[in-house]
Each structure stands twice: as C-alpha cells, then as structure tokens.
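In what follows, a single structure is set out as structure tokens and then discussed.
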Amino acid sequence: MNRTTPVLMAALLWAAPAARAADPAAEPDPGAAVHRDEVVVVSATRTESSLVDAPATVSVVTGERLQAAPARDWAEMVRGVPGVNVVQLSAFDFNLTAREATSTLAGSQIALVDGRSIYLDAFGIILWQTISVQPSEVQQIEVVRGPASVVWGGNAMTGVVNVITRAPRQSAGTRVSLSGGTFSRDAGSDAGEGAGYSWGLNATHAAAPSEKLAYRVSAGWFDTDAFPRPAGSIPVVPDPRIPGAYVGGAPYPAFANEGSQQPKLDLRLDQELGGAGRLTYSAGLGAASGIIHSGIGPFRVEDDSTFGYGRVAWARGGLRVAGSLDLIDAKAPSLLATDPFTGSAVRLDFQTRAWNLELSDSRPLGQRHLLGYGGNLRYNDSEISLAPTAENRTELGAYVQDEYFVGRFRLSAGLRVDKYGNLDDPVLSPRVAVLFKPTPRQSLRLSFNRAFRSPSVVQNYQSQAIVVPADLSGLQPFLPPPLQPVVAQPFPLVTYAVGSADLREESLTSWEAAWTGQLGERTSVSLAYYLSDHDDSINQVTLPPGQDPYTPQSPPPYWVESGLPPALLGLLAQRGIFLPRTAFGYANLGPLRNQGLELGLEHRFSPVLSGHASYSWQKRPEILDDPQPYPAEELNLPPSHRFEAGLHLSHARWLGSLSLSYAGRAFWSDVLTPAYHGWSEDYALLNASFGARFHGGRTEVLLHGTNLLDQDVQQHVFGDILKRSVRIELRLAL
C-alpha cells in the first residue's frame, strides 16, 4: 500500500460513500456525468482533494473543453472563469487578476505549470508566453480564486492559475498540429490596410519504452502579425473617481505595432521507482517577441529574448520534493521613452536566474485529521537595466495545515510564514475554513484568508531618467524677447522614475461564503460571495512636484544651455510652481475594499454535449478610511458585470464549441499620465469552433472563429483593437 492510500482513506471518512478519487493522470471520460465531488484538484491545498471538499474556491477548465476551444493563448483560456478579469493589450501581452481590477504588468497572483511557478520575481509579473508546453498536452487548468499564500507563499495574493499536463504514459503517440488563419485589421491605425495573418506548428511525441520509463518531447512555433492600434485622441471624459475632474485628451502615440513570434521546445522524462515513487525530469527552452505595455509606455520585446527552465521532482504518495532553475534573458527597448543622456530608447534589458527548492507532504493523523506541511527556498539573481543597483534576493517559507473531519463538518486551518530578503519582518499567511455538507454532494463553506505580495526588484531599485515635456509658456512675460521662443514650445524636462527600498508587502484579507454542489446527476453549481480588504498596495505614482524639485542651485539638464537663467526656478517656486526632478516613484497606498458575487454552472446534456455558464458581479472598489488614504486618481475600475455561456461537443465524429462572453466597461489609469486615462467600452465576444474526426479519430480538421460579430474590441484604453479572426487547424495522430 503506497502512502496515497491512507491519505485518501482519511478524506473518504468525511466524503460520500459514493465518491471516488480520480487519478490526475487519467484521461477524461466524455460520456460521464459531471460530478464535482469526483473532480480532483491539487492547487487549493497542494494535496489531492475533491472540488466540493476544497477549502478555497477553485474552478477547473478541463482538457476536454480546451480540445475544441478557439482560444490559443493561456490567459484567454480562463476568460470564462467567474471572478477573473482578463485583458489583452497586444498580440503578445495578456494580463489577468482574480477578484480585483487588473492592469498592465499585473502581478497579484501566480501561475504554475505542473506546480512550477513562472512568476517573475524581478518584475512582479507573469509572462504567459514563457510557458513552453503545448495546449494539447493539458489535462486541466485549475484556478484558485482568492488568497492562496497559505500554501503557495508570497505573490499568490489574489489567486493561482495551475496548468497541469498529462503524464507521458497516458498520452503515448505522435501528434502534429498545423494551423493558419487571418484576422481583420480594418480599424484604427490599420483601417483599409488589409488583413493580418497567423500560423502555428506543434508536434508532440510521447512513449513508454518500458514499465519504468516514459517520456515526452514537444516543439512548436507560433507567428502572428500585429493587431491594429487605436488612432486619433483618447476621449476627454469626466473622471468617475473625482468629481469635477477630467481625463483623456492625449493623442494615441503612432509607434509601429508588432505581432509576435514564439518558438518553443519542452522535454519530460518520468522514471518509475516502484515503491520508492517517481522521478520526473523536465526542461524547456523558448523565445518570444512582441509588445508589452507598462506604466511608462510600451516596450518591444526583441526576438532574441529567450527563456528556459530545468526541473527535477520526486514524488511518493503525498510526499513531493522538487528543485528547479528558471532562466530569462530578454531585451526590450521602449517605443516612447528616450534616455535624455544617450538620445536612444530607454531599454528594459534583463537577465534573471531563479533557483527553487521545495518540499510538501500530507499524511493522516488518527482517524479524523489530514496533515499537510512543506516549504521552499528560492534565490533570485537579477541584472536589470532599469534597476542597476538591484540586489539578489532570498525567499524562505514554510507552512502547515490540518483538515479535521467530524460528522458533516470539516475544519481546515493553515498557517504559513515567509521571510523575504527585501522585507524587514517575516510575513504570516493564515487560512481558516469551515465546511458543512448537508448532503454528500453539497458543501457550504465559510472562510477567512490572508495573503501577501512582495515588492519586486524593479519596485525596490528602479532608477531611470526620462523626458517629460513641460509647458513653460506662462514664463514668457518674465523673459526678454530673445528668450520667449525658448519657452513657447514644451521644454524637454529630465525627470526620474525611482524605486523605494522601504516598501512594505501588500496584503489582502478576505472573507468568503460559498456553496458548491451537484444538482441531480448532470448539473454542478458553484456560488461564492467575497469581501476583501487590500492594504499597502504597491503602485507607481506621480509624486508631488514639490517633493524633489529642481532649484536655482541645481537646474535641470539643458536649462542653462537653452539660455534660461537658473533664477527663473526661484521665481516659479515663489508662485508655487515646481519642476520635479523625481516625478515617478513607488509607494504603499492606503486600504481598498473589493466585494463581489460569482456564479458558475456546468451541465451535461448528453454523453457528447455539455454546457457551462458563469456570471461575475464586482462592486466598485471602496477607498477605506486611513491617515494616508488610497489616492482616487490611482484607481482602476473593473467591469461591474461579466458573463459567459458556452456549449461543448465531443463526439466520435464531431467536435466543437460555441461561447458568448460579455464584459462591461472598465476604467484605466495605469499608463502614462491622466491624459492617457479613460474607459474601455463594454463588449461581447462570440466565439466558435467546429471540426470533424476521420480515420478513427486520428485526423481532426477544425475551423475556429473569434469575435465573429467583428466588433472593434479594445479591452484596455491603451490596448490594441481586436477584430474578427478565422483559423483552420489540422491535427494528426501518427
């Protein structure tokens, strides 16, 4: 008997007699009814748990659904998960956040691939294109909505996305996929310029040459043209956060937009050790190019930017030990910002190396307890052009959790402690959840949870000079006629964007009430209400002009060279006008409250046809009382309402999907200055796929379409315009 057996036996003491534990590596049965007490997830506790017994709200996107989904981008695949805000800004750049407004360079939650974090500590973000496995290899995607630091540590503040692949032994064979398509670009900057094109090629070979060895090799290439950019000026609109204020009015910058190229290679070898468990060796290498957006504007990730990883993991029953190394070498010049001293583009060049060692275990104690514990040690070594004085960082964490079963009740309590090298004090992350099962397939849950996010390396150590045009025309009456033309045009004021080594960690304290259940044999429902207080939010903010101004004794670069006397700065100061030397910085902002309601529904109409629906309501973020309150002008406002409904067909001869998703308007204030802030309008996306299987299912031909209504969809006020896309795909099992 291996160690998995007593762990599952302890859980089954509380679960229904009819419940069974699913093998995470097993292929789904398309004819089976949907039973939420039979869906096994690991991301909520790091141990196997049925969905109805999980102490956190978890959504699962199955491999069966992904088979016919028209989306090919990872973040797009979870768009229909309730509570998750997803925005696409370019062909390369996606961002998502659960239960809060998302933003450019969003980083309040982590993403995992088979338990390996791809969170980029140096920047506090996720680069989704660094995932080197292919979507066809995915068994399921688990999304933990809400704080998850108790087992995953820092940066799992608003949730976790865990991509879980099939074991090579369960997916033996050779599979090849070729796709090509076109998309409309009759909008914005590309109106009338013709269609764009994309294509992709993926190949996977998996085999089990013996009872002890199994391996998988996969490679792929994806290439897409650029999407159209918005043209004209951002509309001038009343600021919804500040009565009497207005935002917008700036012209959209006319930089050359780009598509994306993404070659990837991934390897995995499983070695069965009999009673001693399993060793898994995996490695990946890839490259990516495209445009990524930030608070200081867009950067172009060059095509020689590379990423790679290597990992060794050992597992026996509930015990897992793993070590990994992640490597990124990226080069990205800014498309707008110019270094005032070199005259060339500001560069975001970085090399990061992250070593990680982790351990987790679970075991029953007596007849009513299931104990889990573990920890990790992570070391980050970074070289970043925007943060030349950056220091390396060590992260150490450990956790323990206990699940106690009695009658129809289950109590889950856990505590984690983390010590980050850039934080003065250890950080505690507790979770307490009480579950009640009125029936074997229904659970009611009340939970309290606290999580945190650490400042990134850039947020601590950024130091970059940028040019901000300053309007000095009001000085003309005080200047002699020969100097008046100098101030008639905007003056190229050199300012600095800096980090702060004194930043505190962000924290999120959340209360949740949820119900997960099975209605009959074919319908599953989940309902969750949450209230979360987000404190010490780390934001890049515009500093008060008088905080670090230029003075007559220290004038701006090029001031004297332009013929302007330093004494003018004193005259401006007397009138309360300051020219900032340090214009942008990072600060901990006061508390915000978010609350919302999420509804999920899944139904199996027949053995081959299923459907899903989701609805999310998010209340506008509330600024709480504080001696230093959250500045209203820094708020992003998420859509108040989101909805998606879809159908999924998986037949011996046919497969397909149809979905309609809607997102309300959202307000953005996370790019450049208020002149670039404003609304993205509400939109509805009608997506569909339909395909046929031949030769006993070994050949599949599918036609995919997204945004079939051909709306001009702009998911961020500064983002690209998304139009209708049509793609054909051929899949071969050799």
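Positions are given from 1, in the same order as the sequence printed here.
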Please report the interatomic distance CG(N687) to CD(E76), rounded to the nearest 0.5 Å. 7.0 Å
Partners of D720 by salt bridge (charged side-chain N to carboxylate O under 4.0 Å, His left out), sequence neighbours excluded? R229
Just jot down the ring pair (Phe, Tyr, Trp, His ring centres under 6.0 Å) partners of W74, sequence neighbours excluded, or say none. none
With sequence neighbours left out, write down each residue that passes ring pair (Phe, Tyr, Trp, His ring centres under 6.0 Å) with Y530, or none if nothing qualifies. none
Applied to residues 235-247, the side-chain hydrogen bond (donor to acceptor under 3.5 Å, both in side chains) test, sequence neighbours excluded, yields D239-R241, R241-S669
Any donor and acceptor pair, going by atom type alone, linking the side chain of D626 with main-chain N or O of Y630 inside 3.5 Å? no
The single option from N155, N422, N460 that satisfies side chain to side chain donor-acceptor pair (under 3.5 Å) with S454 is N422
Keeping S90 on the side-chain end and F92 on the backbone end, is there a donor-acceptor pair under 3.5 Å? yes
Rounded to the nearest 0.5 Å, how far apart are CD of Q262 and CG of D73? 7.0 Å
Test salt bridge (charged side-chain N to carboxylate O under 4.0 Å, His left out) applied to E634 - qualifying residues, sequence neighbours left out: none
For F227, the ring pair (Phe, Tyr, Trp, His ring centres under 6.0 Å) test, sequence neighbours excluded, returns F183
When you check the gap from the basic side-chain N to the acidic O, do R300 and E302 get nearer than 4.0 Å? yes
For E644 and S614, indicate whether the former's side chain and the latter's backbone hold a donor-acceptor pair under 3.5 Å. no
Do the side chain of D186 and the main chain of G192 share a donor and acceptor less than 3.5 angstrom apart? yes
For the side chain of T338 and the backbone of S344, is there at least one donor-acceptor N/O pair under 3.5 Å apart? no
For R185, all residues meeting salt bridge (charged side-chain N to carboxylate O under 4.0 Å, His left out), sequence neighbours excluded: none
Aromatic plane relationship, F350 with F123 - under 30° parallel, 30 to 60° tilted, over 60° perpendicular: perpendicular
For D502, the side chain to side chain contact (heavy atoms under 4.5 Å, CB included) test, sequence neighbours excluded, returns S500
Can you name the salt bridge (charged side-chain N to carboxylate O under 4.0 Å, His left out) partners of D349, sequence neighbours left out? R347
In sequence, state the C-alpha distance, the side-chain angles, and the governing distance for Q595 and Y529, and then conclude on side-chain hydrogen bond (donor to acceptor under 3.5 Å, both in side chains). CA-CA 7 Å; Q595 57 183 308; Y529 168 78; 2.6 Å; yes
With sequence neighbours left out, write down each residue that passes ring pair (Phe, Tyr, Trp, His ring centres under 6.0 Å) with F94, or none if nothing qualifies. none
Step-by-step side chain to side chain contact (heavy atoms under 4.5 Å, CB included) determination, L660 to L686: CA-CA 5 Å; L660 176 65; L686 179 63; 4.3 Å; yes
Are a donor atom and an acceptor atom from the side chains of N380 and S382 found within less than 3.5 Å of each other? no
Quick one: does S103's side chain have a donor or acceptor within less than 3.5 Å of a partner on D670's backbone? no
Do T102 and W668 pass the side chain to side chain contact (heavy atoms under 4.5 Å, CB included) test, and can you show the C-alpha distance, the side-chain angles, and the key distance before you say yes or no? CA-CA 9 Å; T102 192; W668 306 96; 3.9 Å; yes
Checking L493 now: which residues fulfil side chain to side chain contact (heavy atoms under 4.5 Å, CB included) with it, not counting sequence neighbours? A470, F491, T495, Y550, P556, L579, P580
Do Q618 and N85 have a side chain donor and acceptor closer than 3.5 Å? yes
Does the Q459 side chain pair with the main chain of S456, one donor and one acceptor, at a distance under 3.5 Å? yes
Tell me, please, which residues at least two apart from D536 pass side chain to side chain contact (heavy atoms under 4.5 Å, CB included). R504, N588
Under 3.5 Å, is there a donor-acceptor pair linking the side chains of S532 and S510? yes
Which residue is it: L96, V160, V84? I am looking for the one with a side-chain contact (heavy atoms from CB on, under 4.5 Å) to Q109. L96
Going by atom types only, do S537 and N539 share a side-chain donor-acceptor pair under 3.5 Å? yes
